[in-house]
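Encoded as structure tokens, the structure appears first; notes follow it.
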Amino acid sequence: MPDLLDGLNPPQREAVLHGPGPLLVLAGAGSGKTRVLTRRVARLIDQGVPPHAILAITFTNKAAAEMRDRIAAMVGPAARDIWASTFHSACVRILRREAPEAGYPRDFSIFDADDQLRLIRRCMVEEDVDPKRVAPRAIQARISDAKSRLLDADAFEQAAGSFSDEVAVRVYRRYSDGLRANGAMDFDDLLMVTAQLLEGDSAVAARWQSRFAHVLVDEYQDTNPVQFRLVRALAAPQDNVMAVGDDDQGIYSWRGADVRNILEFTRDYPDARAIALEQNYRSTGTILRAAHAVVSRNAGRLPKELWTDRGEGEPISVIACRDEYEEGRAVAGQIERALSRGDSLSDIAVFYRTNAQSRALEDTLIRLGIGYAVVGGPRFYERAEVRDLLAYLRAALNPADRVSLERALGAPRRGVGPGAVTKLAAHAAARDIPIGHALAEAQMIPGLQAAQRAALAEVGELLADVRLRSEGGMPLERVVDEVLARSGLRESYEREGTFEARGRLENLEEMVRAAGEYGATAEAAGLAGFLEGVALQADADLVDEASGAVTLMTIHNAKGLEFETVIMTGLEEGLFPHSRSDSPDALEEERRLFYVGLTRAKRTLTLTHAGSRATYGGRDHRLPSRFLGEIPMDTLAPSQAGGRVSRPVSVSSRAAAIVRPGQERRPRPGYAMGDEVVHATFGEGIVIGVEGTGELVRVRFASDGAERRLMAGAAPMTKVGH
DNA sequence: ATTCAACGCTTTTTT
DNA sequence: AGCGTTGAAT
């Protein structure tokens, strides 16, 4: 085995070698904290700690998988047994065992934001709160905030003061009851319920405390109170806890994260050793100097400054643009420049503050034939038709899940609406059985039409079969395909026959494939595991370094990543810093976000802003962001230093040549990104993505602006030569 | 129960 | 501008 201390600087070494007891590692951006974390885990295993006794919390599932791989490279396949996951995934794993202790079924459903909102709306109506006067989203945010602070409805009521608090309390109480009745937990419950169990049930606590010998937490500055309590409970009583983080990179306070967790770690754990990592291995001196100048304007941060021995590097460019389209061309120009310097597409990232900004950038990149991949934004699993199909699976797995059942019953339309479901629910309540089981008794339910009875019974049989077969080990792909067939979803979309319907059906078929892929993986854990993965998948989990494409994403999603070339866009007042972040604290968080963006760049950094930008219906005038003024003049490229407005780099018309076939190991099917095509039915379109090994192409059509996935080999479609 | 049209709201960031 | 929700009509 290679020496675990190879190539580490003294503080990194110390962190890896730290013995038992609490450890705080203040790790600046690019200071090699991932290295320290993985080496430390490898060393623990090397010293005899069983891998399954190590809990390593990372910010994304992808980071967890990477950590496991890296450790496996050092200590071998035993690393498979390490618990490396996000807080949410770890809690689900615990809850699959312990949920009954908290009064939930083992197969509890996980409600996402959409399910939550549905249920909250219903609760508001029941509480006589008009969803038009009070935004359900606002209530949801209040509830989420309460849960992140470990306040249940009763505790929240204690803290309530204003009238709007009281309204929120009433809805919160009813919502909690609703979740319980559905055998469901929302995202926040996953953490809160686990914490409550660990703190309130000594048997449960003992089980897990003896299980984990070491707890390591990455991105500790972004933990919220529940997460703090979880860590504390799981690490007790030995307190072998290692927290790694950087107070300058706290960007999730709006989600309940509290930087005090990291600032006060040594107070929470008085025996803690604290180690600071300040040598940066990522960026040039210029980038670090600019980033430091920006972030040191914040008050209340731990004083520190990153340094590097890698030299100054090139200056930072600021490009002023007329509008968002010129900005797009400027971005393309910078990409072209980076490629000419030897970067590959995947070395380049474009950041923005809000997801909505990606639209204009995408338009330009498509037109110029620059391959890109957007991280975040609307997700596959959140598409309505996909959620319909998932609803069947969830209802099959958890017969108490009324929200999912109701959704399944409504898609496709089969003459069963809220009225019929209410009768079904009443019957289930009277017989004291889960609503899913009541389907089998449809014949006995009064007030239903014969057709409705038949429909309910049929869905009931389908769900029962799904459950039986998935338990019986039928491949997931076949189970999902059967739902697609027997639910009538496939037929209804086929009959509809519109472009729209065809696209939706493609998505559903894609989901069948996804289920097959999941079923083929090593950690496949049946239907429950599949649904769990779907629910807990983060945008950042989908970042694909090997995609051979420029990465477009929000700065939030860029946390933890690095790129040779970073282009940060939309540096405008009101957008970044965002107009909703007007309090001093919020402004400091915006500045930290800016800092995070700056420090993702290894070599080349460009900042752009537009003088006007389309919003809502009209067009807003924009002023350059105050953050631009916080960048020291002597780190900026000369042409910008005088404060003059510079023209964006012009983009040559042969920009399409930028995507060099062969340079990336990108499949070379008949179609490539940016190709103009003509489809027999849909007319003209532009290829905006090539999926899989090239058999699937994503095309946006000019006729109706819709995106469709098409089979490259089969679709009646040809490329227009250009 | 389903379909269609008018209305109003959105855009902060996400597990 | 676009989308989703709501309300009225069938």
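Chain letters run A, B, ... following the sequence lines, proteins first and then strands; every chain starts at 1.
Rounded to a whole Å, the CG atom of A:Leu575 is 10 Å from the P atom of B:dT12. Per the geometry, CG belonging to A:Leu361 stands 15 Å off C1' belonging to B:dT11, to the nearest Å. Rounding to whole angstrom units, CZ of residue A:Phe627 and C1' of B:dT12 are separated by 13 Å. Taking atom CZ of A:Arg613 as the reference point, atom P of B:dT12 lies 15 Å away to the nearest angstrom.
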Please output the side-chain donor-acceptor pairs of residues 575-584 of chain A that fall under 3.5 Å, not counting sequence neighbours, one pair per line with the distance.
unit_1: A:His578; atom_1: ND1; unit_2: A:Arg580; atom_2: N; d: 3.0
unit_1: A:Ser581; atom_1: OG; unit_2: A:Glu590; atom_2: OE2; d: 3.0
unit_1: A:Ser583; atom_1: OG; unit_2: A:Ala586; atom_2: N; d: 3.1

Donor-acceptor pairs under 3.5 angstrom involving side-chain atoms of residues 406-413 of chain A: please list them, not counting sequence neighbours.
unit_1: A:Arg407; atom_1: NE; unit_2: A:Asp388; atom_2: OD1; d: 2.8
unit_1: A:Arg407; atom_1: NH2; unit_2: A:Ala384; atom_2: O; d: 3.1
unit_1: A:Arg407; atom_1: NH2; unit_2: A:Asp388; atom_2: OD1; d: 3.1

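A:Trp83 pairs by the side-chain hydrogen bond (donor to acceptor under 3.5 Å, both in side chains) definition with nothing, not counting sequence neighbours. Residues that satisfy the salt bridge (charged side-chain N to carboxylate O under 4.0 Å, His left out) test with A:Arg229, not counting sequence neighbours, are A:Glu199. The side-chain contact (heavy atoms from CB on, under 4.5 Å) test applied to A:Ala102 returns A:Tyr104, A:Val193, A:Leu197, not counting sequence neighbours. With sequence neighbours left out, A:Tyr595 forms a side-chain hydrogen bond (donor to acceptor under 3.5 Å, both in side chains) with no residue at all. Residues passing the side-chain hydrogen bond (donor to acceptor under 3.5 Å, both in side chains) test with A:Glu324 are A:Arg619, sequence neighbours excluded. Every residue was checked against the salt bridge (charged side-chain N to carboxylate O under 4.0 Å, His left out) condition with A:Asp188, not counting sequence neighbours, and none meets it. Listed by chain and number, the residues in a side-chain hydrogen bond (donor to acceptor under 3.5 Å, both in side chains) with A:Arg591 are A:Asn298, A:Glu630 (sequence neighbours excluded).
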Restricting both atoms to N or O, compile the protein contacts to nucleotides 13-15 of chain B shorter than 3.5 Å, with distance only.
unit_1: B:dT13; atom_1: OP1; unit_2: A:Asn355; atom_2: N; d: 2.8
unit_1: B:dT13; atom_1: OP1; unit_2: A:Asn355; atom_2: OD1; d: 3.4
unit_1: B:dT13; atom_1: O4'; unit_2: A:Arg353; atom_2: NH2; d: 3.3
unit_1: B:dT13; atom_1: O2; unit_2: A:Trp254; atom_2: NE1; d: 3.2
unit_1: B:dT13; atom_1: O2; unit_2: A:Arg353; atom_2: NH2; d: 2.7
unit_1: B:dT14; atom_1: OP1; unit_2: A:Thr554; atom_2: OG1; d: 2.9
unit_1: B:dT14; atom_1: OP1; unit_2: A:Asn557; atom_2: OD1; d: 3.1
unit_1: B:dT14; atom_1: OP2; unit_2: A:Asn355; atom_2: OD1; d: 3.3
unit_1: B:dT15; atom_1: OP1; unit_2: A:Asp539; atom_2: N; d: 3.1
unit_1: B:dT15; atom_1: OP2; unit_2: A:Arg379; atom_2: NH2; d: 2.3
unit_1: B:dT15; atom_1: O4'; unit_2: A:Arg255; atom_2: NH1; d: 3.4
unit_1: B:dT15; atom_1: O3'; unit_2: A:His88; atom_2: ND1; d: 3.3
unit_1: B:dT15; atom_1: O2; unit_2: A:His88; atom_2: NE2; d: 3.3

Just the atom pairs and distances: protein N or O near nucleotides 1-8 of chain B's N or O, under 3.5 Å.
unit_1: B:dA1; atom_1: OP1; unit_2: A:Gly417; atom_2: N; d: 3.0
unit_1: B:dT2; atom_1: OP1; unit_2: A:Gly415; atom_2: N; d: 3.0

All N/O contacts under 3.5 Å from nucleotides 6-10 of chain C to the protein, with atom names and distances to one decimal?
unit_1: C:dG7; atom_1: OP1; unit_2: A:Lys132; atom_2: NZ; d: 3.3

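Here A:Ser579 lies out of heavy-atom contact (under 4.0 Å) with every strand.
A cation-pi arrangement is found for A:Arg96 relative to A:Phe108, the charged atom lying closer than 6.0 Å to the ring centre and inside a 45° cone about the ring normal.
When all heavy atoms of A:Ala90 and A:Leu55 are compared, the pair lying nearest together is CB-CD1, 4.3 Å.
The separation of B:dT11 from C:dT6, taken at their P atoms, amounts to 16 Å, rounded to a whole angstrom. Between the P atoms of C:dG4 and B:dT13, the separation comes to 16 Å (whole Å).
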